[in-house]
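The block underneath contains the structure these notes are about, expressed in structure tokens.
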Amino acid sequence: MTYRPIAKDPRYTITREWVGKAKPQFVVRFCDEWVDSFAYYESAKMRAVGEKARRNGALVIEAME
């Protein structure tokens, strides 16, 4: 099943796929291009929203180690 986490932007999809882990993961894609994968749907949904914000020019803050 394919989910469309952002109602007004169908280019973002989430599908459940085998990615080499013990259980299938929720895979986030933009225009069928891999973005990331997660064990939980809500995590994948947040990543899709964050990716859309980044592509729209939002300021991205990353932690420094």
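Start at 1 with the first residue, then count along the sequence.
Across T15 and T2, no two heavy atoms sit closer than the pair CG2-OG1, 3.4 Å.
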Distance-only donor-acceptor pairs under 3.5 Å for side chains of residues 29-36, two or more places apart:
unit_1, atom_1, unit_2, atom_2, d
R29, NE, E17, OE2, 3.4
R29, NH2, E17, OE1, 3.1
R29, NH2, E17, OE2, 3.4

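No side-chain donor-acceptor contact under 3.5 Å links Q25 to the backbone of V19. Between the side chain of R4 and the backbone N or O of T13 there is no donor-acceptor pair closer than 3.5 Å.
The distance from the CD1 atom of I14 to the CZ atom of R47 is 11.0 Å, given to the nearest 0.5 Å. Here the straight-line distance linking atom CZ of F26 with atom OG of S43 works out to 9.5 Å at 0.5 Å rounding.
Ring geometry, Y3 versus Y41: the interplanar angle falls from 30° to 60°, so the pair is classed tilted.
Between R55 and Y12 there is a side-chain heavy-atom pair separated by less than 4.5 Å.
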Checklist entry - So V28 and E51, side chain to side chain contact (heavy atoms under 4.5 Å, CB included) or not? Walk me through it. => result CA-CA 10 Å; V28 180; E51 180 68 11; 5.8 Å; no
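Note: the hydrophobic cluster containing F38 also contains M1 (ILVMFWY, side chain heavy atoms under 4.5 Å, direct or indirect links).
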